[in-house]
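Quick note on labels: first sequence line is chain A, next is B, and so on, each numbered from 1.
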There are 2 protein chains.
Amino acid sequence: MLKDLDPLLLNQIRLGVMSLLVSLKEAEFNYLREELKCTAGNLSAQLQKLKDAGYIDIEKTFKNNYPLTTCRITKKGLEAFRRHFEHLKSYKPFK
Amino acid sequence: MLKDLDPLLLNQIRLGVMSLLVSLKEAEFNYLREELKCTAGNLSAQLQKLKDAGYIDIEKTFKNNYPLTTCRITKKGLEAFRRHFEHLKSYKPFK
DNA sequence: TAAAGTAGTTTAAAATATAAACCAAATTTT
DNA sequence: AAAATTTGGTTTATATTTTAAACTACTTTA
């Protein structure tokens with residue numbers, strides 16, 4: 001029960017990224033950075049972890065000559081996110 | 001919004017302790033340890049953090065000659081827990 | 001009374017998170 | 001057209017957190 005929570009989703013920034021990507025399907029690096037009010041370095045590190053876990057895809061392109069990093073949630077990531085919340089829902093205050 | 005999540009409740013063991021104490025109002029150390037399937041050392045450390053934050057009270061007595069540690073949630077802890085979940089609920093999958 | 005068990009705490013190492021320093025290229029200022 | 005500044009990130013070094021293992025203190029059993 002309690003140990004079924006996804007360790008990757010017990011971090012504020014990673015949880016925030018996943019949450020936003022669930023609704024948005026796609027988000028740019030600086031949008032996430034601003035929305036989550038975190039440093040670029042921290043965001044960069046956490047995105048890498050989500051990518052390593054196969055929870056998100058990261059696409060690197062250019063926009064107006066500047067590098068642009070775009071993130072999307074994967075099927076695996078979506079499932080992990082839903083599972084995580086199913087477990088959270090089993091807590092008393094939700095019943 | 002996202003940054004309103006309580007850092008203390010983003011740890012699995014602390015979240016588990018709080019969750020159990022919300023329903024039980026009182027729990028012994030070894031009950032928590034077994035329920036949460038964690039080592040005693042880890043539990044001891046996390047309980048201390050919850051106590052330092054004023055989220056739980058820890059009472060130390062003796063039972064059958066052995067030390068007995070009993071935990072209860074505080075008003076402050078209950079409020080923090082509820083607040084944390086209110087914020088979680090605002091995530092899309094809950095809507 | 002020696003060995004094993006109970007109930008935890010302390011510690012030290014491993015994992016994680018974070019800010020600060022850095023990089024490459026683009027743009028703006030002087 | 002240099003020099004300085006900005007953009008969009010990544011890398012790294014430090015600080016924090018987590019965790020298992022070692023330890024304390026006492027009790028029970030053999």
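If you find the closest nucleotide of DNA chain C to A/Ile13 and to B/Lys63, the one lying nearer the 5' end belongs to B/Lys63.
Of all heavy-atom pairs spanning B/Ser23 and B/Ser19, the tightest one is OG-O, 3.2 Å. The shortest heavy-atom contact between A/Lys49 and A/Arg14 is CD-NH1, 3.7 Å.
The interatomic distance linking B/Glu28 (CD) with C/dT6 (C1') rounds to 13 Å, in whole Å. Between B/Gln12 atom CD and C/dA15 atom P there is a gap of 17 Å when expressed in whole angstrom units. Going from atom CZ of B/Phe62 over to atom P of C/dA7 covers 12 Å, rounded to whole Å. As a whole-Å value, the separation of B/Asn11 CG from C/dA17 C1' is 14 Å.
Residue-environment remark: CD (A/Glu59) exceeds the threshold of 12 foreign heavy atoms within 6.0 Å.
Non-hydrogen atoms lying under 4.0 Å from DNA chain D are contributed by B/Asn65, B/Tyr66, all within residues 65-74 of chain B. The stretch residues 41-55 of chain A touches DNA chain D through A/Gly41, A/Ser44, each having a heavy atom within less than 4.0 Å of the strand.
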Test salt bridge (Lys or Arg N to Asp or Glu O under 4.0 Å) applied to A/Lys63 and A/Glu28, step by step: CA-CA 11 Å; A/Lys63 181 182 162 190; A/Glu28 298 176 4; 3.6 Å; yes
Go through the steps to decide whether B/Leu8 and B/Tyr55 satisfy the test side chain to side chain contact (heavy atoms under 4.5 Å, CB included), and finish with yes or no. CA-CA 10 Å; B/Leu8 268 167; B/Tyr55 284 11; 3.8 Å; yes
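Summarising the geometry, atom CG belonging to A/Leu10 is positioned 5.0 Å from atom NE2 belonging to A/His84; distances are rounded to the nearest 0.5 Å. In this structure, CD in B/Glu26 is found 5.5 Å from OG1 in B/Thr70, a value given to the nearest 0.5 Å. Between the CG atom in B/Leu32 and the CD1 atom in B/Ile13 there is a gap of 10.5 Å [rounded to 0.5 Å].
Here A/Arg33 lies out of heavy-atom contact (under 4.0 Å) with every strand.
Contacts between chain B and DNA chain D, taken as any atom within less than 4.0 angstrom of a protein heavy atom, begin and end at D/dT17 to D/dT28.
Results of the side-chain contact (heavy atoms from CB on, under 4.5 Å) test with A/Phe29 over A/Thr69, A/Ile58, A/Leu68 single out A/Thr69 as the only residue that passes.
Using a 4.0 Å cut-off between charged side-chain N and carboxylate O, B/Lys75 and B/Glu79 make a salt bridge.
Under a hydrophobic-cluster definition in which Ile, Leu, Val, Met, Phe, Trp and Tyr are linked whenever side-chain heavy atoms come within less than 4.5 Å, directly or via other members, B/Tyr66 and B/Leu47 are assigned to different clusters.
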